[in-house]
Amino acid sequence: MSDYPLFAKLSGRPVLLVGGGHVAERKAEALLKAGARLQVVAQQLSPQMAGWQQQGRLEYLGGEFQAGQLAKVFLAVAATDDAELNRRVFQAAEAAGKFCNSVDDLDNCSFIVPAVIDRHPLKIAVSSSGSAPVLARLWRQKIETLLPQHTGRTAALAGRWRAAVKQKIKSLTERRKFWEQLFHHDQTFEHYMASGNEAAAEALLQQRLESHHNQAQGEVVLVGAGPGDAGLLTLNALQAMQAADVVLYDALVSPEILDLVRRDAEKVSVGKRAGAHQVQQGETNRLLVEYARKGKRVVRLKGGDPFVFGRGGEECQVLVKAGIPFRIVPGVTAGLGATAYAGIPLTHRDYAQTALFVTGHCRPDGDKLRWQTLARGNQTLVVYMGTIKAEEISRELIAHGRAADTPVAVISQGTQPGQSVRTGILQDLAALAADAPSPALIVIGEVVKLRDELQWFRV
Ligand code: SAH
């Protein structure tokens, strides 16, 4: 049977606590914080609890537990080091129809106390239904680090404005958007809250509310999805993906990442890999503008980083022209992600002081100067979309002075479960790249040798 989660209002309500040691003290502290009228049965009270008794914060009922003590209370907590006594308290509570928690004894509990992240008035409770309290605690810690301390104050402030916002913004969806925009995307508001300037935050909220017109204004977020491993997404990327109404995604975006998009969002596949059927860039641009004009929150999800060989710049230009607000969330580009997962550092004091990201997709047109620059020693060349041009790249680099035995690597599906890496020398690059699974990245330079030593990601 699954537990029913609830938050109990104990303020002013009598609660029986059996036990007076350290564990009981912790329970007492939490119960007092919730405003419970605490009645304690214990052979002896800890110094802290004795202090609370003197301050009149708890009532001491003596050392003997009796079932009759349960009559008036709402719930009971058994926190002694005597398992038999705890069990007796629980059984008496069952007979009296009261909720009871016996510390660390799941069989003798009718309620359990979750691990709590407290940002009053915001509270998050984590429970493993008693089966793995340590796991629940670990999750609490993780969530704890995600929630800035001022989240509680933000929640309290929102609480004060809830009615006014409801009054002004009639539609539920619009209200959700208003709050999401304020909490997640309004950097100024966030800054005021983080720095404790609540008055300014409140003034800003008022201003946002006044200027809110009920007609929706869409926006586009260009999000870099990274090279494939979902763990490489940024927190901003994840937030945008979970707030989206529509997601336009490229073929390069891994299924694992698409799974993290808000379930109700419309997902539209746009780019296909070069060669295959392809939604034209013009069509993608048109869709971006169209969805945003309908008031949708559009996420344009792109492989790697949107501004690295991703046409992100062109898409932004279209948005500027159409007067549509946009934001950009950078991503880990393949040149950083795939090389790191292949154990190839881009620079190294002994081998490379420069790293160049180039695309194999443009027409080099025998540009002599460009080849001379690319063929320089002591640098790492990272070639995107280069496999089809591998033969030409290898020939020209050698012709312009790069040693024919310069180490090279072809990294396919970098950071993904199917990652494969082929290594060899520059003069054999065409053969290495010939049937490499796509997407594939070419790396040229002495640093490739370090892979033998640094290889760590095994699939
Ligand atoms: N904006 C993307 C690049 C798009 S161009 C980024 O920043 O990564 C597409 C090229 O990127 C592919 O042809 C390939 O060369 C490279 N690429 C993208 N993802 C890759 C991956 N997971 N492994 C290897 N190469 C990748």
Side-chain angles (χ1 to χ4, degrees), residues 221-234 236-237 248-258 269-276 278-279 281 284 299-316 328-344 346 355-364 374 380-394 408-423 429-430 432-445 448 451 455-459:
V221 193
L222 257 75
V223 175
D229 179 351
L232 296 175
L233 281 175
T234 63
N236 280 358
L248 305 183
Y249 66 95
D250 282 346
L252 270 182
V253 176
S254 71
E256 195 191 349
I257 286 173
L258 279 180
S269 158
V270 284
K272 292 275 163 64
R273 282 183 189 144
Q278 195 170 348
V279 175
Q281 184 65 42
T284 304
V299 161
R300 173 73 177 102
L301 196 56
K302 299 166 90 61
D305 178 89
F307 277 4
V308 178
F309 307 127
R311 299 211 179 181
E314 292 167 45
E315 290 174 10
C316 287
I328 298 165
V329 180
V332 174
T333 185
L336 298 179
T339 50
Y341 276 52
I344 303 173
L346 292 179
L356 292 178
F357 288 3
V358 296
T359 166
H361 210 58
C362 66
R363 294 158 292 137
L374 296 182
T380 308
L381 266 192
V382 179
V383 190
Y384 290 67
M385 298 173 277
T387 48
I388 298 168
K389 295 284 175 70
E391 192 277 327
E392 180 185 348
I393 292 168
S394 134
V408 297
V410 179
I411 310 170
S412 289
Q413 297 170 4
T415 81
Q416 298 170 14
Q419 171 173 304
S420 62
V421 183
R422 301 167 179 195
T423 52
L429 181 61
L432 279 179
D435 53 357
S438 80
L441 192 74
I442 297 174
V443 187
I444 303 167
V448 170
R451 170 173 159 80
Q455 184 176 350
W456 59 274
F457 179 67
R458 291 186 174 79
V459 286

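Read the numbers this way: they start at 1 and go in the same order the structure lists the ligands and their atoms. Small disclaimer: the values here were computed from a predicted structure and weren't measured.
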Which atoms of ligand 1 are found less than 4.0 Å from any heavy atom of [X]?
{"X": "Ile411", "answer": "24 (C)"}
{"X": "Asp305", "answer": "1 (N), 6 (C), 7 (O)"}
{"X": "Thr333", "answer": "6 (C), 7 (O), 8 (O)"}
{"X": "Gln416", "answer": "22 (N)"}
{"X": "Gln413", "answer": "22 (N), 23 (N)"}

Check this for me - ligand 1, [X], N or O atoms closer than 3.5 angstrom, yes or no?
{"X": "Gly335", "result": "no"}
{"X": "Leu252", "result": "no"}
{"X": "Val308", "result": "yes"}
{"X": "Pro306", "result": "no"}
{"X": "Ala440", "result": "yes"}
{"X": "Val383", "result": "no"}
{"X": "Ser412", "result": "no"}

Taking [X] for its side chain and [Y] for its backbone only, find out whether a donor-acceptor pair lies under 3.5 Å.
{"X": "Ser412", "Y": "Ala436", "answer": "no"}
{"X": "Gln413", "Y": "Pro439", "answer": "no"}
{"X": "Thr339", "Y": "Leu346", "answer": "no"}
{"X": "Gln419", "Y": "Tyr341", "answer": "yes"}
{"X": "Asp250", "Y": "Leu252", "answer": "no"}

Partners passing ring pair (Phe, Tyr, Trp, His ring centres under 6.0 Å) against Phe307 (at least two apart in sequence or in another chain):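 Phe307 satisfies ring pair (Phe, Tyr, Trp, His ring centres under 6.0 Å) with no residue once adjacent residues are dropped.
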
Shortest protein contact, [atom] (heavy atom only):
{"atom": "atom 17 (N) of ligand 1", "result": "Ala334 CB, 3.5 Å"}
{"atom": "atom 2 (C) of ligand 1", "result": "Gly303 O, 3.2 Å"}
{"atom": "atom 11 (O) of ligand 1", "result": "Tyr384 CD2, 3.4 Å"}
{"atom": "atom 23 (N) of ligand 1", "result": "Gly414 N, 2.8 Å"}
{"atom": "atom 4 (C) of ligand 1", "result": "Phe309 O, 3.3 Å"}
{"atom": "atom 22 (N) of ligand 1", "result": "Pro227 O, 2.9 Å"}
{"atom": "atom 13 (O) of ligand 1", "result": "Met385 CG, 3.2 Å"}

For Lys302 and ligand 1, answer yes if some heavy atom of the residue is under 4.0 Å from a ligand atom, otherwise no. no

Kindly indicate whether the side chain of Leu381, heavy atoms from C-beta on, has any atom under 4.5 Å from the side chain of Val408. no

So do Ile257 and Leu301 actually touch side chain to side chain, heavy atoms under 4.5 Å? yes

Spatial distance of atom [atom1] ([X]) from atom [atom2] ([Y]) [nearest 0.5 Å]:
{"X": "Asp305", "Y": "Phe357", "atom1": "CG", "atom2": "CZ", "result": "10.0 Å"}
{"X": "Ser254", "Y": "Leu233", "atom1": "OG", "atom2": "CG", "result": "8.0 Å"}
{"X": "Ile344", "Y": "Leu441", "atom1": "CD1", "atom2": "CG", "result": "9.0 Å"}

Candidates Ile444, Ile442, Val383, Val382 - the one meeting side chain to side chain contact (heavy atoms under 4.5 Å, CB included) with Val358: Val383

